[in-house]
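Being a predicted model, the structure only gives us computed values, none of them experimental. Scope of the values below: all heavy atoms of this structure, side chains included, with no hydrogens, waters or symmetry mates.
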Amino acid sequence: MSRAPFASLTRALPFWLSLGMVPMAALAAYYGGWALVLIPLYGWGLTSLLDAAFGLNGENADPLTPGKDLFWYNAITIIWMPVQAITLFGLIAYATHSDHLSLGEKLWLFFGMGVISGTIGIVYAHELMHQKNRTERWLGDLLLAMVLYGHFRSEHLLVHHWHVATPRDAVSARYNEGFYRFFLRVLMSCPSSAWRAETRKLARAGRSRFHRSNPFWRYGALQALMLLLAFAAGGWQGIGLLLVQAFVAIWQLELTNYIEHYGLTRKYLGNGKYEHVLPRHSWNANHTASNWLLINLQRHSDHHYKPDRRFPLLQTHGAEEAPQLPLGYPAMGIAAMIPPLWRRRMNPRVRAWRRHFYPEITDWKPYNKGSNPLPASAI
């Protein structure tokens, strides 16, 4: 019997680290109290400790690896939607029908659930939405619907990947911009930005913005379904708890977005043109354990180069090609929530990046303020 499938499973197993959050959620719901810190400790604390223990991993898989050899890697992203749905709606039913959890404990429990659906669910949705397989894209939509953020798919595919590191991309954080200001700006601008991107796409095909092919119909229907399921599981309190976890998950997503491109900008060439996206326009991290948990999301430069490349095949880029973070995304996310600490750690790195890659640019004010002209293709 061939040992290849077993060997593939063994190599893929570290990327199944996410499943450890499910028993943490069960323990938190059953015991309350001290157990409520288990989920964030697992997702943020343990991962960061393992990063320190295992260090960096700069190995690159063969990008031509056939799909059949990736089965066990892809499997975790495929099974996660039902795993998350059972965990989320199971917790809603349990919390709203149990009398041992106080209101504060319920809120903390669903803070933890938001850490799960944000750290894992949205990251997996991101992987799935980039694939050509229709089933995988639907699974991604369902994961985003659980956090009431379906428009992220349109904004990410039609705006972010086209206009990253330019003023058109709201989720490219500007130099010296604190996370909280960034977060509010993104919440206010991205839904309408995603709508405009989809309606422009429909207009090019000669279709009305209300045509049935507009994915916003699907986003709305799936999100309404999640609200109905929450109500069925726990009444109005169930809807409230769903909203708590959705907010925390969205917070997690936008923390990641903030980190990925903070202060990095493409050079403006004049006449509404910008240089092509290069590895230098994303922050990267080769920290081993956080890349296990986040399925190589931290190899972000290669993702922008090859968006549909499966996560096990994403390549790392050295410091001469791409800027490197001092810590993995979980630890950097904590730093981002403390703006003075974030600026102290990151602003010198951004300035060094500018000196290294763009010594010819002497006036950075238009880049800092996002006041350079919009890309011609975005007007």
Side-chain angles (χ1 to χ4, degrees), residues 17-47 80-126 141-152 179-180 183-184 186-187 219 222-257 293-294 330 333-334 336-337:
L17 191 63
S18 54
L19 287 179
M21 287 192 167
V22 177
M24 298 298 168
L27 289 170
Y30 186 78
Y31 288 106
W34 61 270
L36 295 169
V37 302
L38 289 175
I39 298 172
L41 277 180
Y42 186 91
W44 300 341
L46 178 62
T47 305
W80 185 257
M81 191 285 292
V83 168
Q84 181 172 304
I86 292 168
T87 305
L88 172 60
F89 295 107
L91 285 181
I92 289 174
Y94 182 81
T96 54
H97 292 86
S98 300
D99 56 9
H100 71 290
L101 294 174
S102 68
L103 176 60
E105 286 176 312
K106 291 177 184 178
L107 293 176
W108 272 108
L109 176 62
F110 281 84
F111 172 89
M113 185 63 227
V115 172
I116 294 174
S117 51
T119 303
I120 308 302
I122 297 181
V123 170
Y124 286 13
H126 170 259
D141 284 342
L142 286 164
L143 286 168
L144 291 176
M146 287 184 217
V147 297
L148 309 178
Y149 218 55
H151 72 273
F152 172 66
F179 170 70
Y180 301 101
F183 184 62
L184 290 174
V186 167
L187 288 186
Y219 304 156
L222 291 178
Q223 289 172 191
L225 173 63
M226 299 305 164
L227 289 167
L228 285 172
L229 289 173
F231 184 79
W236 291 109
Q237 188 179 132
I239 289 180
L241 295 175
L242 179 78
L243 293 175
V244 170
Q245 72 83 35
F247 178 82
V248 175
I250 293 165
W251 182 278
Q252 287 276 113
L253 166 66
E254 300 307 347
L255 264 176
T256 302
N257 279 332
L293 187 70
L294 301 174
I334 294 172
M337 290 188 285

If you round to the nearest 0.5 Å, how far is [atom2] of [Y] from [atom1] of [X]?
X: T87; Y: I92; atom1: OG1; atom2: CD1; result: 11.0 Å
X: T256; Y: L294; atom1: OG1; atom2: CG; result: 7.0 Å
X: F89; Y: Q84; atom1: CZ; atom2: CD; result: 9.0 Å
X: H100; Y: Y94; atom1: NE2; atom2: OH; result: 3.5 Å
X: L46; Y: L38; atom1: CG; atom2: CG; result: 11.0 Å
X: T119; Y: Y42; atom1: OG1; atom2: OH; result: 12.0 Å

Where [X] and [Y] come nearest, the two heavy atoms and their spacing:
X: V147; Y: A249; result: CG1-CB, 3.4 Å
X: T96; Y: Q237; result: CG2-OE1, 3.6 Å
X: L109; Y: A25; result: CD1-O, 4.1 Å
X: L222; Y: A145; result: CB-CB, 3.6 Å
X: Q223; Y: G150; result: OE1-N, 2.7 Å

Is any side-chain heavy atom of [X] closer than 4.5 Å to a side-chain heavy atom of [Y]?
X: I120; Y: L293; answer: yes
X: F152; Y: Y219; answer: no
X: Q252; Y: I122; answer: no
X: L148; Y: I250; answer: no
X: V186; Y: N257; answer: no
X: L242; Y: F110; answer: no
X: W44; Y: V115; answer: yes
X: F183; Y: L255; answer: no

ask   = Is there a donor-acceptor pair closer than 3.5 Å between any side-chain N or O of K106 and the backbone N or O of A95?
value =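 Looks like yes, one N/O pair under 3.5 Å.
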ask   = For Y180, does the OH atom have more than 12 heavy-atom neighbours from other residues, nucleotides or ligands under 6.0 Å away?
value = yes
Distance-only polar pair, side chains of S117 and Q245, donor-acceptor under 3.5 Å = yes
query = W236 vs F231 aromatic rings, parallel, tilted or perpendicular, using cut-offs 30° and 60°?
reply = perpendicular
inquiry  = Under 6.0 Å between ring centres: does that hold for Y149 and H151?
reply    = yes
key: Test side chain to side chain contact (heavy atoms under 4.5 Å, CB included) applied to L27 and W34, step by step   = CA-CA 10 Å; L27 289 170; W34 61 270; 5.9 Å; no
